[in-house]
There are 2 protein chains.
Amino acid sequence: MSKATIEMDKASAILKLLGDKTRLTMMKLLDKHDCCVCEFVEIFKTSQPSISQHIRKLRDLGLIKEERRGQWIFYSMNKSHEHYPFVQEILKHLPNQDDKLRELEEQGTRITCC
Amino acid sequence: MSKATIEMDKASAILKLLGDKTRLTMMKLLDKHDCCVCEFVEIFKTSQPSISQHIRKLRDLGLIKEERRGQWIFYSMNKSHEHYPFVQEILKHLPNQDDKLRELEEQGTRITCC
DNA sequence: TAATTATATAATGATTTGCTTATATGAACA
DNA sequence: TGTTCATATAAGCAAATCATTATATAATTA
(Lines give C-alpha, C1' and ligand atoms only; values in the text may rest on other atoms or scores of the structure.)
Protein backbone atom coordinates (compact mmCIF):
# COMPACT_ATOMS: atom_id res chain seq x y z
CA MET A 1 0.00 0.00 0.00
CA SER A 2 1.61 3.26 -1.09
CA LYS A 3 1.82 6.18 1.27
CA ALA A 4 -0.50 8.83 -0.09
CA THR A 5 -0.10 11.41 2.62
CA ILE A 6 2.54 12.68 5.02
CA GLU A 7 2.05 13.11 8.72
CA MET A 8 1.68 16.78 9.54
CA ASP A 9 4.78 16.80 11.75
CA LYS A 10 6.94 15.40 9.01
CA ALA A 11 5.45 17.71 6.39
CA SER A 12 5.89 20.87 8.42
CA ALA A 13 9.47 19.92 9.25
CA ILE A 14 10.28 19.47 5.57
CA LEU A 15 8.53 22.69 4.59
CA LYS A 16 10.38 24.55 7.29
CA LEU A 17 13.70 23.49 5.81
CA LEU A 18 12.56 24.44 2.33
CA GLY A 19 11.34 27.78 3.67
CA ASP A 20 14.81 29.21 3.48
CA LYS A 21 15.93 30.62 0.17
CA THR A 22 19.44 29.21 0.36
CA ARG A 23 18.30 25.69 1.19
CA LEU A 24 15.48 25.83 -1.33
CA THR A 25 17.89 26.80 -4.08
CA MET A 26 20.32 24.10 -2.97
CA MET A 27 17.59 21.51 -3.22
CA LYS A 28 16.53 22.70 -6.65
CA LEU A 29 20.13 22.38 -7.82
CA LEU A 30 20.66 19.01 -6.14
CA ASP A 31 17.57 17.65 -7.81
CA LYS A 32 19.50 17.66 -11.07
CA HIS A 33 23.19 17.83 -10.11
CA ASP A 34 25.51 16.57 -7.44
CA CYS A 35 27.33 19.44 -5.78
CA CYS A 36 30.08 19.91 -3.28
CA VAL A 37 30.29 22.45 -0.50
CA CYS A 38 32.77 24.73 -2.21
CA GLU A 39 30.41 25.17 -5.14
CA PHE A 40 27.64 26.29 -2.85
CA VAL A 41 30.00 28.69 -1.13
CA GLU A 42 30.72 30.26 -4.52
CA ILE A 43 27.10 30.33 -5.59
CA PHE A 44 25.65 31.81 -2.44
CA LYS A 45 28.55 34.12 -1.65
CA THR A 46 28.51 33.12 1.95
CA SER A 47 30.87 31.45 4.41
CA GLN A 48 31.73 27.78 4.26
CA PRO A 49 30.42 27.04 7.77
CA SER A 50 27.13 28.64 6.88
CA ILE A 51 26.77 26.30 3.91
CA SER A 52 27.84 23.30 5.98
CA GLN A 53 25.17 24.08 8.52
CA HIS A 54 22.44 24.32 5.91
CA ILE A 55 23.60 21.03 4.49
CA ARG A 56 23.55 19.39 7.86
CA LYS A 57 19.92 20.27 8.36
CA LEU A 58 18.96 18.79 5.02
CA ARG A 59 21.04 15.71 5.73
CA ASP A 60 19.65 15.29 9.25
CA LEU A 61 16.20 14.96 7.74
CA GLY A 62 17.59 12.50 5.21
CA LEU A 63 16.66 14.66 2.25
CA ILE A 64 20.16 14.61 0.82
CA LYS A 65 22.97 12.08 0.70
CA GLU A 66 26.65 12.52 1.29
CA GLU A 67 29.43 10.78 -0.60
CA ARG A 68 33.12 11.35 -0.25
CA ARG A 69 35.10 11.42 -3.47
CA GLY A 70 38.71 11.80 -2.50
CA GLN A 71 39.24 15.20 -1.03
CA TRP A 72 35.71 16.35 -1.68
CA ILE A 73 32.36 15.50 -0.28
CA PHE A 74 29.56 15.51 -2.77
CA TYR A 75 25.93 15.92 -1.90
CA SER A 76 23.05 14.60 -3.89
CA MET A 77 19.30 14.36 -3.63
CA ASN A 78 18.11 11.31 -1.74
CA LYS A 79 15.60 10.18 -4.30
CA SER A 80 14.62 7.16 -2.27
CA HIS A 81 13.56 9.26 0.68
CA GLU A 82 10.08 8.35 1.81
CA HIS A 83 8.87 11.84 1.00
CA TYR A 84 10.94 12.61 -2.04
CA PRO A 85 7.81 12.69 -4.21
CA PHE A 86 6.48 15.46 -1.99
CA VAL A 87 9.70 17.42 -2.24
CA GLN A 88 9.90 16.89 -5.97
CA GLU A 89 6.39 18.18 -6.45
CA ILE A 90 7.41 21.40 -4.73
CA LEU A 91 10.65 21.77 -6.66
CA LYS A 92 8.79 21.31 -9.92
CA HIS A 93 7.17 24.68 -9.41
CA LEU A 94 10.45 26.50 -9.07
CA PRO A 95 12.51 28.12 -11.81
CA ASN A 96 15.54 26.25 -13.04
CA GLN A 97 18.69 27.35 -11.23
CA ASP A 98 21.21 25.91 -13.64
CA ASP A 99 22.44 29.38 -14.59
CA LYS A 100 24.13 29.44 -11.20
CA LEU A 101 26.22 26.41 -12.08
CA ARG A 102 26.88 27.77 -15.55
CA GLU A 103 28.36 30.90 -14.00
CA LEU A 104 30.73 28.75 -11.99
CA GLU A 105 31.82 26.94 -15.12
CA GLU A 106 32.44 30.22 -16.88
CA GLN A 107 34.51 31.40 -13.94
CA GLY A 108 36.33 28.11 -13.97
CA THR A 109 35.37 27.73 -10.34
CA ARG A 110 33.45 24.57 -10.89
CA ILE A 111 36.22 22.70 -12.55
CA THR A 112 38.98 24.00 -10.34
CA CYS A 113 37.28 22.90 -7.20
CA CYS A 114 35.45 19.76 -8.11
CA MET B 1 0.73 33.18 -20.75
CA SER B 2 0.36 31.19 -17.56
CA LYS B 3 2.93 31.44 -14.83
CA ALA B 4 4.65 28.09 -14.65
CA THR B 5 7.15 28.86 -11.91
CA ILE B 6 7.42 30.99 -8.81
CA GLU B 7 10.26 33.32 -8.02
CA MET B 8 12.48 31.79 -5.36
CA ASP B 9 11.83 34.62 -2.92
CA LYS B 10 8.11 34.18 -3.16
CA ALA B 11 8.32 30.41 -2.93
CA SER B 12 10.56 30.38 0.12
CA ALA B 13 8.33 32.93 1.86
CA ILE B 14 5.28 30.74 1.27
CA LEU B 15 7.08 27.58 2.35
CA LYS B 16 8.31 29.30 5.48
CA LEU B 17 4.74 30.07 6.49
CA LEU B 18 3.66 26.52 5.75
CA GLY B 19 6.63 25.22 7.72
CA ASP B 20 4.76 25.65 10.96
CA LYS B 21 2.46 22.86 12.05
CA THR B 22 -0.29 25.14 13.28
CA ARG B 23 -0.39 27.23 10.10
CA LEU B 24 -0.06 24.19 7.88
CA THR B 25 -3.04 22.55 9.56
CA MET B 26 -5.01 25.79 9.32
CA MET B 27 -4.35 25.95 5.61
CA LYS B 28 -5.38 22.34 5.11
CA LEU B 29 -8.63 23.05 6.92
CA LEU B 30 -9.24 26.34 5.11
CA ASP B 31 -8.79 24.63 1.78
CA LYS B 32 -12.14 22.97 2.33
CA HIS B 33 -13.90 25.00 5.01
CA ASP B 34 -14.24 28.59 6.09
CA CYS B 35 -13.29 28.96 9.74
CA CYS B 36 -13.35 31.64 12.35
CA VAL B 37 -10.74 32.41 14.95
CA CYS B 38 -12.59 30.88 17.86
CA GLU B 39 -12.70 27.53 16.09
CA PHE B 40 -8.96 27.54 15.64
CA VAL B 41 -8.51 28.44 19.28
CA GLU B 42 -10.52 25.34 20.20
CA ILE B 43 -8.76 23.10 17.73
CA PHE B 44 -5.22 24.09 18.58
CA LYS B 45 -5.76 24.54 22.29
CA THR B 46 -3.83 27.76 22.30
CA SER B 47 -4.51 31.41 23.05
CA GLN B 48 -6.61 33.63 20.83
CA PRO B 49 -3.77 36.12 20.20
CA SER B 50 -1.52 33.31 19.10
CA ILE B 51 -4.08 32.23 16.51
CA SER B 52 -4.64 35.81 15.40
CA GLN B 53 -0.94 36.23 14.83
CA HIS B 54 -0.68 33.10 12.71
CA ILE B 55 -3.65 34.30 10.70
CA ARG B 56 -2.11 37.68 10.16
CA LYS B 57 0.96 36.14 8.60
CA LEU B 58 -1.10 34.09 6.20
CA ARG B 59 -3.23 37.11 5.39
CA ASP B 60 -0.24 39.41 4.92
CA LEU B 61 0.97 37.13 2.16
CA GLY B 62 -2.52 37.13 0.69
CA LEU B 63 -2.95 33.38 1.09
CA ILE B 64 -6.22 33.70 2.98
CA LYS B 65 -9.14 36.09 2.84
CA GLU B 66 -11.05 37.72 5.64
CA GLU B 67 -14.78 38.34 5.70
CA ARG B 68 -16.82 39.72 8.52
CA ARG B 69 -20.16 38.05 9.16
CA GLY B 70 -21.84 40.00 11.91
CA GLN B 71 -19.93 39.45 15.10
CA TRP B 72 -17.51 36.98 13.61
CA ILE B 73 -14.70 37.18 11.16
CA PHE B 74 -14.39 34.22 8.85
CA TYR B 75 -11.26 33.23 7.06
CA SER B 76 -11.12 31.35 3.82
CA MET B 77 -8.55 30.19 1.31
CA ASN B 78 -7.76 32.81 -1.31
CA LYS B 79 -8.15 30.54 -4.30
CA SER B 80 -7.41 33.31 -6.73
CA HIS B 81 -3.99 33.95 -5.23
CA GLU B 82 -1.32 33.92 -7.91
CA HIS B 83 0.31 30.95 -6.23
CA TYR B 84 -2.68 29.07 -4.97
CA PRO B 85 -1.95 26.19 -7.37
CA PHE B 86 1.43 25.80 -5.69
CA VAL B 87 -0.11 25.82 -2.24
CA GLN B 88 -2.83 23.41 -3.28
CA GLU B 89 -0.28 20.99 -4.65
CA ILE B 90 1.39 20.91 -1.26
CA LEU B 91 -1.85 20.55 0.67
CA LYS B 92 -2.86 17.65 -1.53
CA HIS B 93 -0.14 15.55 0.05
CA LEU B 94 -1.40 16.12 3.58
CA PRO B 95 -3.88 14.00 5.50
CA ASN B 96 -7.40 15.28 5.79
CA GLN B 97 -7.92 17.26 8.99
CA ASP B 98 -11.68 17.23 9.03
CA ASP B 99 -11.74 15.11 12.17
CA LYS B 100 -10.68 18.26 14.01
CA LEU B 101 -13.82 20.07 12.90
CA ARG B 102 -15.94 17.02 13.60
CA GLU B 103 -14.71 17.03 17.17
CA LEU B 104 -15.86 20.61 17.51
CA GLU B 105 -19.26 19.70 16.21
CA GLU B 106 -19.53 16.85 18.68
CA GLN B 107 -18.56 19.19 21.49
CA GLY B 108 -21.09 21.68 20.21
CA THR B 109 -18.30 24.20 20.06
CA ARG B 110 -18.59 24.78 16.38
CA ILE B 111 -22.27 25.58 16.38
CA THR B 112 -22.18 27.62 19.57
CA CYS B 113 -19.54 29.92 18.30
CA CYS B 114 -20.16 30.20 14.61
C1' DT C 1 56.07 14.00 7.18
C1' DA C 2 54.76 18.87 6.90
C1' DA C 3 51.78 21.97 4.50
C1' DT C 4 47.59 22.58 2.04
C1' DT C 5 42.81 21.88 0.85
C1' DA C 6 37.95 20.68 1.80
C1' DT C 7 34.82 20.21 5.12
C1' DA C 8 32.71 19.83 9.86
C1' DT C 9 31.95 21.39 14.36
C1' DA C 10 31.98 24.67 18.32
C1' DA C 11 31.18 29.00 20.28
C1' DT C 12 29.13 33.37 20.04
C1' DG C 13 25.92 37.02 18.86
C1' DA C 14 22.13 39.40 16.40
C1' DT C 15 17.68 38.65 14.61
C1' DT C 16 13.43 36.31 14.19
C1' DT C 17 9.85 33.57 15.87
C1' DG C 18 6.03 32.22 18.55
C1' DC C 19 4.14 32.28 22.74
C1' DT C 20 2.08 34.88 26.79
C1' DT C 21 -0.41 38.72 29.19
C1' DA C 22 -2.54 43.09 28.75
C1' DT C 23 -5.19 46.21 26.21
C1' DA C 24 -7.90 48.14 22.23
C1' DT C 25 -11.56 47.89 18.82
C1' DG C 26 -15.86 46.98 16.91
C1' DA C 27 -20.25 44.55 16.47
C1' DA C 28 -24.30 42.71 19.05
C1' DC C 29 -27.49 42.70 22.50
C1' DA C 30 -29.94 43.66 26.99
C1' DT D 1 -26.22 53.20 26.11
C1' DG D 2 -23.51 50.07 28.71
C1' DT D 3 -22.06 45.31 28.69
C1' DT D 4 -20.60 41.32 26.40
C1' DC D 5 -18.43 38.73 22.79
C1' DA D 6 -15.07 38.07 18.97
C1' DT D 7 -11.02 39.57 17.33
C1' DA D 8 -6.78 42.50 16.71
C1' DT D 9 -2.81 44.69 18.33
C1' DA D 10 1.00 45.81 21.62
C1' DA D 11 4.57 44.61 24.70
C1' DG D 12 7.59 41.43 26.68
C1' DC D 13 10.17 37.15 26.87
C1' DA D 14 12.25 32.53 25.91
C1' DA D 15 13.64 29.71 22.31
C1' DA D 16 15.04 29.00 17.65
C1' DT D 17 17.50 30.51 13.62
C1' DC D 18 21.25 31.98 10.85
C1' DA D 19 25.35 34.18 10.23
C1' DT D 20 30.22 34.81 11.83
C1' DT D 21 34.90 33.62 13.69
C1' DA D 22 37.78 30.11 15.48
C1' DT D 23 39.16 25.50 15.56
C1' DA D 24 39.19 20.44 14.47
C1' DT D 25 39.41 16.64 11.22
C1' DA D 26 40.58 14.10 7.28
C1' DA D 27 42.37 13.56 2.68
C1' DT D 28 46.03 15.29 -0.65
C1' DT D 29 50.19 16.84 -2.12
C1' DA D 30 54.95 18.69 -1.90
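Computed from a prediction, not measured in an experiment: that's the story for all the values here. Chain identifiers are assigned alphabetically (A, B, ...) following the order of the sequence lines, protein sequences preceding nucleic acid strands; residue numbering begins at 1 within each chain.
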Report task. Output the distance between atom CG (A/Leu104) and atom CZ (A/Phe40), rounded to the nearest 0.5 Å. Result ->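 Separation between the atoms: 10.0 Å.
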Query raised in the report: Roughly how far, to the nearest 0.5 Å, is CG of A/Leu63 from CE of A/Met77?
Result: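 Output value for this atom pair is 7.5 Å.
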In this structure, how many angstroms lie between the [atom2] atom of [N] and the [atom1] atom of [X], rounded?
| X | N | atom1 | atom2 | answer |
| --- | --- | --- | --- | --- |
| A/Asp60 | D/dT17 | CG | C1' | 15 Å |
| A/Leu58 | C/dA8 | CG | C1' | 15 Å |
| A/Phe74 | D/dA27 | CZ | P | 16 Å |
| B/Phe40 | D/dT7 | CZ | C1' | 14 Å |
| A/Lys16 | D/dA16 | NZ | C1' | 7 Å |
| A/Leu24 | D/dC18 | CG | P | 13 Å |
| B/Phe44 | C/dT20 | CZ | C1' | 18 Å |
| A/Glu66 | C/dA8 | CD | C1' | 9 Å |

N or O in side chain of [X] less than 4.0 angstrom from [N] OP1/OP2:
| X | N | value |
| --- | --- | --- |
| A/Thr46 | D/dT20 | yes |
| A/Arg69 | C/dA6 | no |
| A/His54 | D/dA19 | yes |
| B/Lys57 | C/dG18 | yes |
| A/Arg68 | D/dA26 | no |
| B/Ser50 | C/dT21 | no |

Query raised in the report: Starting at the 5' end of DNA chain D and moving along, which residue's nearest nucleotide shows up first, A/Gly19 or B/Arg56?
Result: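 The 5'-side residue here is B/Arg56.
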**Report entry** Contact nearer the 5' end of DNA chain D, comparing A/Gln48 with A/Thr22
**Finding:**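 Nearest nucleotide further toward 5': that of A/Thr22.
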Query raised in the report: Quick one: salt bridge (charged side-chain N to carboxylate O under 4.0 Å, His left out) pairs with a partner in residues 15-30 of chain A, sequence neighbours left out?
Result: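 Matches after skipping sequence neighbours: A/Lys21-B/Asp9.
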Nucleotide nearest [X] when distance is taken to its side chain, options [options]:
| X | options | answer |
| --- | --- | --- |
| B/Tyr75 | D/dC5, D/dT7, D/dA22 | D/dT7 |
| A/Ile73 | C/dA8, D/dT7, D/dA11 | C/dA8 |
| B/Val37 | D/dT7, C/dG18, C/dT20 | D/dT7 |
| B/Ser52 | C/dT9, D/dC18, D/dT7 | D/dT7 |
| B/Gln53 | C/dA6, C/dA10, D/dA11 | D/dA11 |

Query - Lys/Arg-Asp/Glu bridge criterion (N-O < 4.0 Å) met for B/Glu67, B/Lys65 - result: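 No, no charged N to carboxylate O under 4.0 Å.
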Report task. State which residues pass side chain to side chain donor-acceptor pair (under 3.5 Å) with B/Lys92; sequence neighbours excluded, sorted by chain then number. Result ->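 Side chain to side chain donor-acceptor pair (under 3.5 Å) check on B/Lys92 returns B/Glu89.
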Query raised in the report: What do the steps show when you test B/Asn78 against B/Ser80 for side-chain hydrogen bond (donor to acceptor under 3.5 Å, both in side chains), and what is the final call?
Result: CA-CA 5 Å; B/Asn78 179 8; B/Ser80 56; 3.0 Å; yes
